Amino acid sequence: MGTTILAVRYDGGVVVGADTRTSVSGYVSNRYAAKLTFVLDRNVDDYVKVVVNSSNKTKRQLQLQQPRQQQPKQQPTFSDDVASSIENAAITTTTPTKTTTTKTTTAKPTTMMNEYSTCVICRSGSAADTQALASAVRTDIVSRQLLHDVRGTVTHVASLCRTLLVQNDGRLSASLICAGYDHARRSGALYGVSGGGTAFEERMWAAGGSGSSYILGYLDSRYPANRVLRSEEEAVGFVSDAIALAMERDGSSGGFIRMYVIDRFGKRFVSTMPRNGRVGGTNNGDMEEEGGRSGGGGGGVTLRNFAPAVVTTPVSSKQP
């Protein structure tokens, strides 16, 4: 699955983007592939709440259906010596003094009660391997929250991806980027996970796929030094321009640019087409009528340069 994936941090979250072409050698098998798979978002929290509420309701119904067994009350028995001592003893009445005690209750911190993490796995490599891996990670995250009431984070997702890749001992063809908003850190987080199982955190941006090698210099020169991007619009423009340049050079990247903006409020979908003046028709031919290479250094090859198709009628072997 030749591709171009890119994730960029900005103040308040991250912006992720990818192209939509899936290719098998020189054959384009899918022009509108979704290479950004969300494994952690608000849907996970809503699903867990529904399951927990339904399970608690079932438990209460079962408890109400079970008959209560009343045990007979036992009368207190006294020995003769104890009864005589009680009768002969002088009864003194004392008025007890009421003591008021104030219970101090410590309020639980509610800073992260309503916050949740949103994490997406940017997939490059084998489509089948990466889809199965993302599905396994999402199942593990949901199970952990159901059983232990622990909300997943971007760091958890990156650790699970690394563990699965290491356990498969290099049999999976995958290169991943785990990006999103981490509610524990209250900021955006980026992790790159290689096919061998090496996970490393990126401070500014992370790129992967076959098209990323064409734009590494562009990313280094365009991204500001020693600071993250200020605004969401700046990050979206940065990702869009970089992926468009990769689609112009990489034959395995194409289609349109699918992007998501991820912050503490969740995710938001953004989709753009490559600019006509910047990107040639080689990798965007699936969106154009003519196809072929129309951009670049002039003299492009289009379908108009080929000879028209000649339709011939089959000749029967029998002579009249």
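These numbers come from a predicted model, not from an experiment. We use all heavy atoms of the structure for the numbers below, so side chains are in, but hydrogens, waters and symmetry mates are not.
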Side-chain donor-acceptor pair under 3.5 Å between K35 and T3, yes or no?
yes
Show the numbers, then the answer: is there a side-chain contact (heavy atoms from CB on, under 4.5 Å) between V261 and V270?
CA-CA 7 Å; V261 178; V270 181; 4.1 Å; yes
Just one of S212, S210, S213 clears the side-chain hydrogen bond (donor to acceptor under 3.5 Å, both in side chains) bar with D250, so which one?
S210
At their closest point, which heavy atom of H156 faces which heavy atom of V150, and how far apart are they?
CE1-CG1, 4.4 Å
Any side-chain heavy-atom pair from V16 and V239 closer than 4.5 angstrom?
no
side-chain contact (heavy atoms from CB on, under 4.5 Å) for T272 and M259? Distances and angles first, verdict last.
CA-CA 8 Å; T272 61; M259 294 183 293; 3.9 Å; yes
Apply ring pair (Phe, Tyr, Trp, His ring centres under 6.0 Å) to the pair F265 and Y181, showing each step before the final yes or no.
CA-CA 9 Å; F265 301 106; Y181 178 82; 8.8 Å; no
From K267 NZ over to L40 CG, what is the distance, rounded to the nearest 0.5 angstrom?
10.5 Å
Given the rule that I, L, V, M, F, W and Y join up when any side-chain heavy atoms are under 4.5 Å apart, are M204 and V236 in one cluster?
yes
Check ion pair R9-E234 (N to O, under 4.0 angstrom)
no
Say you draw a straight line from CG of L36 to CD1 of I121; how long is it, rounded to the nearest 0.5 Å?
11.0 Å
Of all the heavy-atom pairs spanning S117 and H183, show the shortest one and how long it is.
OG-ND1, 2.6 Å
Could you walk me through whether Y223 and F238 satisfy the ring pair (Phe, Tyr, Trp, His ring centres under 6.0 Å) test, starting with their C-alpha distance in whole Å, then the side-chain angles of each, then the deciding distance to 0.1 Å, before giving a yes or no?
CA-CA 8 Å; Y223 200 95; F238 181 82; 5.7 Å; yes
Do other residues, nucleotides or ligands put more than 12 heavy atoms under 6.0 Å from F269 CZ?
yes
Pairwise distance CG(N168) to CG(D129) - rounded to 0.5 angstrom
8.5 Å
Under 3.5 Å donor-acceptor, R185 side chain and T153 backbone
no
Report yes or no: does T130 contribute a side-chain atom to a donor-acceptor pair with the main-chain N or O of A127 at less than 3.5 Å?
yes
Check for me, please, whether V154 and V137 land in the same ILVMFWY cluster - side-chain distances under 4.5 Å, paths through other members count.
no
Does the D140 side chain pair with the main chain of A136, one donor and one acceptor, at a distance under 3.5 Å?
no
Nearest non-hydrogen partners of A242 and L219, listed with the distance
CB-CD2, 3.7 Å
Kindly check if the number of other-residue, nucleotide or ligand heavy atoms within 6.0 Å of CZ (R227) is above 12?
yes
I'd like to know if the side chain of S126 and the backbone of S173 have a donor-acceptor N/O pair within less than 3.5 Å.
no
Separation of D41 CG from I141 CD1 (nearest 0.5 Å)
11.5 Å
Of the non-hydrogen atoms in G197 and V166, which two are nearest, and what is the gap between them?
CA-CG2, 3.9 Å
Show, in sequence, the C-alpha distance, side-chain angles and deciding distance for V15 and Y260, and conclude whether the side-chain contact (heavy atoms from CB on, under 4.5 Å) test is met.
CA-CA 6 Å; V15 175; Y260 282 94; over 6 Å; no
Single-linkage hydrophobic cluster, 4.5 Å side-chain cutoff, V28 and I5 together:
no
Working to the nearest 0.5 Å, report the span between OG1 of T198 and CZ of F200.
7.5 Å
When you measure from the side chain of S124 to the backbone N and O of G208, does any donor-acceptor pair fall under 3.5 Å?
no
Does S159 offer a backbone N or O that forms a donor-acceptor pair with the side chain of T163 under 3.5 Å?
yes
What I want to check is whether the side chains of T4 and S253 have a donor and an acceptor closer together than 3.5 Å.
yes
For the residue pair S231 / Y10, report whether a side-chain donor-acceptor contact shorter than 3.5 Å exists.
no
Just by distance, do the side chain of D19 and the backbone of I257 share a donor-acceptor pair under 3.5 Å?
no
Between L216 and I177, is there a shared hydrophobic cluster once you connect ILVMFWY residues whose side-chain heavy atoms come closer than 4.5 Å?
no
I'd like to know if the side chain of S23 and the backbone of Y27 have a donor-acceptor N/O pair within less than 3.5 Å.
no
Could you tell me which non-hydrogen atom of L6 sits nearest to which non-hydrogen atom of A207, and how far apart they are?
CD1-CB, 3.8 Å
Under a single-linkage definition using a 4.5 Å side-chain heavy-atom cutoff for Ile, Leu, Val, Met, Phe, Trp and Tyr, are L133 and V193 assigned to the same hydrophobic cluster?
yes
Spell out, as yes or no, whether a donor-acceptor pair under 3.5 Å connects the side chain of R138 to the backbone of F38.
yes
D263 to G12 - nearest heavy-atom pair and separation:
CB-O, 3.4 Å
Ion pair D149/R144, N-O distance below 4.0 Å:
no
Between I262 and V120, is the side-chain contact (heavy atoms from CB on, under 4.5 Å) condition met? List the steps.
CA-CA 9 Å; I262 305 174; V120 62; 3.7 Å; yes
Exam field: side chain R264 to backbone Y116, donor-acceptor pair closer than 3.5 Å:
no
Could you give me the CA-CA distance, side-chain angles and deciding distance for R162 and E201, then say whether salt bridge (charged side-chain N to carboxylate O under 4.0 Å, His left out) is met?
CA-CA 12 Å; R162 174 193 174 277; E201 184 177 4; over 6 Å; no
Between the side chains of R123 and T37, is a donor N or O closer than 3.5 angstrom to an acceptor N or O?
yes
